[in-house]
Amino acid sequence: MLSSDPALDDALAAPDRTPAHATRCGGRELGTQVQSWKVERAYSTDLPEALRAVSGSASAQLELQLGGASGTPAPQLYSAWAGRTTGDAVRPGQSVVHETGLLGATLPAFRGTVRSRTAASGTDTVTVQALDGAERLRGPAQLPRPYHGLLYALPVASATWCVDELLRQGGIHTCPPPRAPAAATDVTAPFTALYASLHGGFDATHGQPETLPAPASYSWIRDGAPHEMALMPTAAGLSVSWMPRSRFVVAGKVFQAELYANSARAMGSALELKLVFDRSAGAYGNYALNVDFTAGTVKITSGTVGGSGGGQVYVWTLPKLASLKGAWHLGFTVDTRAGTTSSTTPATVVPRLTAPDGEFLALGPATFNTTPAYQPPSELYRIDLTTDVAVECVQVTDNVWPDLSSYTADEWEQRGRWTKGAELDDVTVPLFDVPKVSGSQWEVITEIARATMSTAEFDEQGVFRWRGPGRFQKVPAQPDVTVTTRRDIAALTVAEEIDACRNHCEQVYQDYTGVRAANGDTTTDTAVREIRPGTAVEVAYAMAEDELDVGPPQIEDDAATTTGHKVRFGSAATGGTSVKGGVTVSSRRDGPNYIVRFVNQGTASVWTVTKDGKPSVQIVPQKRAADPAQRWYAWYNTTSQSYYGRQVYQAPATDWVQQRQVASDLSHAMLDAGRYPVPVLGEVDVLHDPRVQLGDVVRVMDTTGAALDTLAWVVGIRTTCQAGSVPQQTLTLRGTSYNGVPLDTGLTPDAPVDPQYGTRRSYALVAAQFPTLDDLTQSRLSYRELLQPPGGAA
């Protein structure tokens, strides 16, 4: 329910009402020109109306009728052929904000964009239709589909993560977005190598999970998450790793790694974020950030993974880390511009932090200047996270802000570049394999909502809200608002139907037991490609629809050859010597294409060539080794069946349900919603209350007609208003519970089959008892009495 102030509350309770509204199109106030308006909201689902609240999406629509101004009719001002100075205010795609209220006080009623405008020639009316935030999600839906969930037989994502990702694609964010999601023509421009929100999955918007922890070792929390949802360890030392989408070279640039962590939600005090670089001859180097919240220290290390010498370590002491528990923004920037691709690389590092109280802390720079800390030519190979505390939004950015000393707090926090526009719910549907999707982002979100018994909607302020299957399962104790026939209700219809009864509920699920990832058909490049210094070369390779996403090829060198998914760079077109740490390789999936991007960071051309002069790019896609088995899980209620018969609900087959336990939870949720018919209160005409929202709980008190006093959920709202009149509001309500188990007191229900059927007097018996027609006539028996055998015997 929308929050209001005492003045508006008093106006709603007063006997007389003076309505008010405000309407802005393109930021221009047009409220005085509104002849009428209508706002409609309702959950859309394939379920019977009485069950619709438990599943589906809701998209609000606004219809305005605008009149002219200053003697100029509306069609001249706002039609498709009107002048741009006035017509652009209601052009398709333009912003619309509508508010309603009383006595000059208004509350948000709609926020969205124009879908259409219709000018009736010869009149003073232009009709404008607008849609809420769903219109922002009309882009093509694409979901990363890593193979690692099948590889390890562990959940890699969830339905909640997929919804969050689809929202992000439409520019709707729940935490800070990727700093540089698109590859620019300028090869020195920033580029996001890894972005993992950790909003219900290890899958990454950019990059891929490399290793996954067991589900028992973590949970997904919302209470205490820095922004929306966080990965929470169940014990100290939780580890997970990702492969980047860009294997950028270590030398000659500035790059950054960061995350958000809540030290108040912890199973210990340590956190480590490590960037691992692939060197020649199978060796690996790393830059690592270590934070100890108890000791109040920040440590950055540069060295060799698993090697001798220990590298070099710098430590900063920050007492606030220990004294102030809460959400911290942590990260470090590495400047390797002092090095080249052909020599060992020193680095200057700067740790950066934002404290829970908002203080920006850029600690002093430190330079790794000893041999064990130098990084030889290499490429980013993996990002490792080990944490005792709740973590959210991990990202690594290549070519980040180059001037370490002028890197501002606003840039660090991306202020002014994003606004939180969505709220998620708890994770209930984990995924081993992210399903294939098609259509728009809104269509896929709607599909997920229906498959997982969730709801998706934009509220009056333009905020998207995702609610899981538990939303309507708990009967509320208190209503948000009360309406009565004495004052608020002008009309009320109560309906109960057998179609609202579902007492045998089956949920289909895909059983991934034993399903693993396998290599697809290897693709070898057909040409040796020259990569000139300071240039980018993109090559598209065909990828089948059923093949899963793979990361960028690993860079091979002559000292330690590799097999599989790889590329070798040679110093000559005929083969030459292998070049390591000189070319940044990135990849992305674009429909049927797997696109690889090569950027030469060196000073001389290199070629994609094997030692013996053949093309060296080798793509090894991944796919499911087998299809999952389709199985069912059912819950039923025998008491309900004894009164209403068996009423079955079979959930449509879907790829979104991949666990037996999830199937059990969903079928039980549907049974809870439908084991007895829940009444629907339709066409409830009430006094307009701008505070009411979808999902609110209304107490309905009818003392004049149906004589009821019940709680009900709001599942539909229609509000209309003509200029100069009072707004009319019609609610569709679904009862929060049924009216008890039937008693049938004093009733003896008739059997479904006539008990007399099959017990009729045979012809032989009639002929024996009444030998002649006169005998039969004299008996004066009715036809029904004649058919009934004496004593009940046939």
Side-chain angles (χ1 to χ4, degrees), residues 143-152 154-157 161 165 178 180-181 183 191-198 201-213 231 239-250 255-259 272-279 282-288 305 378-386 391 393-398 432-434 517 519-520 541 543 547-557 560 562-567 580-581 583-590 594-599 617-623:
L143 289 175
R145 302 186 61 221
Y147 58 88
H148 302 80
L150 300 179
L151 180 67
Y152 299 113
L154 294 171
V156 70
W161 185 94
E165 172 61 20
F191 187 55
T192 301
L194 171 70
Y195 181 88
S197 65
L198 296 176
F202 300 101
D203 201 355
T205 303
H206 305 302
Q208 289 183 276
E210 184 72 73
T211 62
L212 301 171
L231 171 66
S239 294
V240 60
S241 64
W242 293 269
M243 82 168 68
R245 69 164 171 173
S246 175
R247 300 192 189 279
F248 60 75
V249 301
V250 72
F255 52 90
Q256 177 175 279
E258 60 188 298
L259 51 73
E272 179 183 72
L273 182 60
K274 180 189 294 184
L275 306 184
V276 179
F277 288 84
D278 180 16
R279 300 175 177 176
Y284 296 93
N286 75 91
Y287 294 104
V305 175
S378 54
E379 306 88 11
L380 182 63
Y381 176 71
R382 195 179 67 234
I383 298 94
D384 295 344
L385 171 67
T386 304
V391 173
C393 190
V394 179
Q395 67 172 311
V396 176
T397 310
D398 185 20
F432 298 93
D433 182 22
V434 176
N519 290 343
Y541 301 92
M543 182 167 282
E547 290 177 331
L548 304 172
D549 296 346
V550 290
Q554 188 171 345
I555 292 84
E556 185 178 30
D557 71 285
T562 61
T563 60
H565 195 61
K566 64 178 182 176
V567 59
K580 194 77 170 136
V583 181
T584 292
V585 182
S586 57
S587 66
R588 69 180 188 273
R589 179 80 175 265
D590 186 5
Y594 168 75
I595 300 174
V596 183
R597 188 172 192 255
F598 306 104
V599 177
V617 178
Q618 183 172 282
I619 309 301
V620 183
Q622 297 289 303
K623 62 181 182 180

task: Output yes when a side-chain donor or acceptor of R597 lies under 3.5 Å from a complementary backbone atom of T584, and no otherwise.
output: no
- request: Evaluate the side chain to side chain contact (heavy atoms under 4.5 Å, CB included) criterion for residues F255 and T397: first the C-alpha distance (whole Å), next the side-chain angles of each, then the deciding distance (0.1 Å), finally the verdict.
  value: CA-CA 6 Å; F255 52 90; T397 310; over 6 Å; no
field: Value rounded to 0.5 Å, distance of CG in L385 from CG in L231
entry: 7.0 Å
query: Is it the case that S239 and T386 place a side-chain donor and acceptor less than 3.5 Å from each other?
result: yes
- request: Could you pull out the closest heavy-atom pair between P552 and V585, with the gap in Å?
  value: CB-O, 3.7 Å
- request: Using the side chain to side chain contact (heavy atoms under 4.5 Å, CB included) rule, take V276 and V305 through it: C-alpha gap first, then chi angles, then the decisive distance, then the call.
  value: CA-CA 8 Å; V276 179; V305 175; 4.2 Å; yes
- prompt: Yes or no on side chain to side chain contact (heavy atoms under 4.5 Å, CB included) for S378 and Y284, after CA distance, side-chain angles and deciding distance?
  reply: CA-CA 8 Å; S378 54; Y284 296 93; over 6 Å; no
task: Considering only NZ, NE, NH1 and NH2 on the basic side and carboxylate oxygens on the acidic side, decide whether D549 and R589 come within less than 4.0 Å.
output: yes
statement: Taking every heavy atom of N286 against every heavy atom of K274, the minimum-distance pair comes out as CB-CG, 3.8 Å
query: How long is the span from the OG atom in S246 to the CG atom in L380, to the nearest 0.5 Å?
result: 7.5 Å
message: With side chain to side chain contact (heavy atoms under 4.5 Å, CB included) as the criterion, how do V156 and L212 come out once you've worked through the C-alpha distance, each side chain's angles and the decisive distance to 0.1 Å?
response: CA-CA 7 Å; V156 70; L212 301 171; 4.3 Å; yes
- prompt: Is H565 reaching over with its side chain to a backbone N or O of V550, donor-acceptor style, under 3.5 angstrom?
  reply: no
field: Q208/E210 under side-chain hydrogen bond (donor to acceptor under 3.5 Å, both in side chains): CA gap, chis, key distance, verdict
entry: CA-CA 6 Å; Q208 289 183 276; E210 184 72 73; over 6 Å; no
message: How long is the straight-line distance from NZ of K623 back to CG of L150, given to the nearest 0.5 Å?
response: 13.0 Å
salt_bridge(K580, D278) N-O dist < 4.0 Å: yes
query: Side-chain contact, heavy-atom cut-off 4.5 Å: Y147 with N519?
result: no
query: When rounded to the nearest 0.5 angstrom, what distance separates OG in S241 from NE2 in H148?
result: 8.5 Å
Side-chain heavy atoms of T192 within contact of V396, under 4.5 Å: no
- prompt: Looking at side-chain heavy atoms only, is the closest gap between C393 and S197 below 4.5 Å?
  reply: no
message: I'd like to check Y381 versus R279 (side-chain heavy atoms, cut-off strictly below 4.5 Å). Are they in contact?
response: no
- prompt: Can you find a pair of side-chain heavy atoms, one from V583 and one from V599, that are under 4.5 Å apart?
  reply: no
Sidechain-backbone polar pair: W161 side chain, D203 backbone, donor-acceptor under 3.5 Å: yes
- prompt: Can you check whether P553's main-chain N or O pairs, donor with acceptor, with R247's side chain at less than 3.5 Å?
  reply: yes
- prompt: For the residue pair Y287 and F277, does the interplanar ring angle fall in the parallel (under 30°), tilted (30 to 60°) or perpendicular (over 60°) class?
  reply: perpendicular
Atom of Y594, atom of M543 and distance for their closest heavy-atom approach: CB-CE, 3.6 Å
field: Carboxylate-amine/guanidinium proximity below 4.0 Å for K566 and E556
entry: yes
message: How long is the straight-line distance from CG of L259 back to CG of L273, given to the nearest 0.5 Å?
response: 5.0 Å
message: Looking at every heavy atom in both F202 and W242, which two are closest together, and how far apart are they?
response: O-NE1, 2.9 Å
task: Might you point out which heavy atoms bring G551 and M243 nearest each other, and give the distance in Å?
output: CA-SD, 3.5 Å
query: Short question: side chain of E379, backbone of V249 - any donor-acceptor pair under 3.5 Å?
result: no
message: Would you compute the distance between atom CD of Q554 and atom OG1 of T562 and round it to the nearest 0.5 angstrom?
response: 5.5 Å
- request: Flag the pair D384 and R382 as a salt bridge only when some basic side-chain nitrogen lies within less than 4.0 angstrom of an acidic carboxylate oxygen.
  value: yes
field: Heavy-atom pair with the smallest gap, counting every atom of T205 and E165
entry: OG1-OE1, 2.6 Å
